[in-house]
Amino acid sequence: RTLGFVQANYPVGLPLYIERARSVLQGAYQNGERDPQLLSSLALFRLDIGEAGDAQKIIKRNHSITSTRPLLRLDLARLEFTDALAHPGGSAGHISEEQAKDVWGLLEQDSDVIPPLESAYVLAGRVLLHLGRDPTESERTFLNNGAALFPRNWQLLIQCIRSEERRVG
C-alpha cells in the first residue's frame, strides 16, 4: 500500500504524508462524500495507520465497498478473526460457530477473486484451527483448493494435513 511505500522510501516525509492524506480523505468524508472508492481508501488508510477499529466501522457501515476492493474484504475478515480470538465465544477458549461463520463468509467471497488471494486460504486454515471441531467436508475442500493453488505455501499444506488427520482420527 502507499503508506508502506512512503515509509520504506521516504521515512522522513511519513508524518507529513499521513497528515495530508488524513486531511484529504477525512475532509471529503466530513463534507458528505460517500463514493465507494473514497470510503475504501479511507478504510485502508485507517488500517495502515493503526486505526483498525475505525476502519472496521467504516467497512461494516458501508459493506458494499468490499465488492470494489477484495483486499478490503480480506482485511475485514482478519479484523473479525482478531476480535474472535480476543473474545472467543465458544467453549474451552475456542471461537464460536457464529464467529467462524462471520469470517468464513467473507473468505468464501474471496475464493472467486482473480487472482486468488493466498492469505485468504491461510486465514481460513487459522479459523478452522481455532474452531474446536473437525472441519466439514466443504471447509476441507476450500482449504485443499487453496493448497492446490499455492502448493509452495507450507502453512496451507500443514493445515490440510491437520484437517485430514482430524477427519480420519
| note | On a heavy-atom basis, the closest approach of A147 and L157 is CB-CD2, 4.1 Å
| said: Once rounded to the nearest 0.5 Å, what's the spacing between atom CG of D102 and atom CZ of F81? | reply: 13.0 Å
| In one Ile/Leu/Val/Met/Phe/Trp/Tyr side-chain cluster, 4.5 Å: L85, L47 | no
| task | Decide whether R46 and Q26 meet the rule of one side-chain donor and one side-chain acceptor closer than 3.5 Å. | result | yes
| Interatomic spacing from CG in L72 to CG in L44 - rounded to 0.5 Å | 5.0 Å
| said: Any heavy-atom pair between the side chains of L107 and Y121 that's under 4.5 Å? | reply: no
| query | Is the backbone of G89 close enough, under 3.5 Å, to the side chain of Q99 for a donor and an acceptor to pair up by distance? | reply | yes
| said: Membership question, hydrophobic clusters at under 4.5 Å side-chain separation (ILVMFWY): are Y29 and I49 in the same one? | reply: yes
| request: Please tell me if the side chains of F142 and P135 come closer than 4.5 Å, counting only heavy atoms from C-beta onward. | output: no
| remark: Rounded to the nearest 0.5 angstrom, the CD1-CZ distance for I59 and R61 is 11.5 Å
| salt bridge (Lys or Arg N to Asp or Glu O under 4.0 Å): which pairs involve residues 132-143, sequence neighbours left out? | E97-R133, R133-E139, D134-R166, E137-R140, R140-E164
| Polar side-chain atom of N62 near backbone of I65 as donor-acceptor pair, under 3.5 Å | no
| message | Check for me, please, whether F150 and L129 land in the same ILVMFWY cluster - side-chain distances under 4.5 Å, paths through other members count. | response | no
| task | List for me each residue that meets side chain to side chain contact (heavy atoms under 4.5 Å, CB included) alongside Q37, sequence neighbours excluded, and say none if there are none. | result | D35, T68, R69
| said: Could you tell me if the side chain of L156 sits less than 4.5 Å from the side chain of L143, heavy atoms only? | reply: yes
| message | What's the separation between atom CD in Q56 and atom CG in L76, rounded to the nearest 0.5 Å? | response | 6.0 Å
| field | A100 to L131 - nearest heavy-atom pair and separation | value | CB-CD1, 3.5 Å
| Under 4.0 Å between a Lys/Arg side-chain N and an Asp/Glu carboxylate O for R152 and E118? | no
| message | Less than 4.5 Å apart, side chain to side chain, heavy atoms only: is that true for R78 and R126? | response | no
| message | I want to check something: taking the side chain as every heavy atom from C-beta on, are S163 and L128 in contact at a cut-off of under 4.5 Å? | response | no
| What's the shortest heavy-atom distance between N144 and C160, and which atoms? | OD1-SG, 3.2 Å
| request: Output the distance between atom CZ (F45) and atom CD1 (I58), rounded to the nearest 0.5 Å. | output: 10.5 Å
| message | I'd like to know if L39 and L106 are part of one continuous hydrophobic network [Ile/Leu/Val/Met/Phe/Trp/Tyr, side-chain heavy atoms within less than 4.5 Å]. | response | yes
| field | From OG1 (T66) to CG (L71), nearest 0.5 Å | value | 11.5 Å
Just list the side-chain donor-acceptor pairs under 3.5 Å for residues 3-24, sequence neighbours left out, or say none.
residue	atom	partner	partner atom	Å
N9	ND2	F5	O	3.0
R22	NH1	E51	OE2	3.3
R22	NH2	E51	OE2	3.2

| field | Hphob cluster co-occupancy, V122 + I95, side-chain heavy atoms under 4.5 angstrom | value | yes
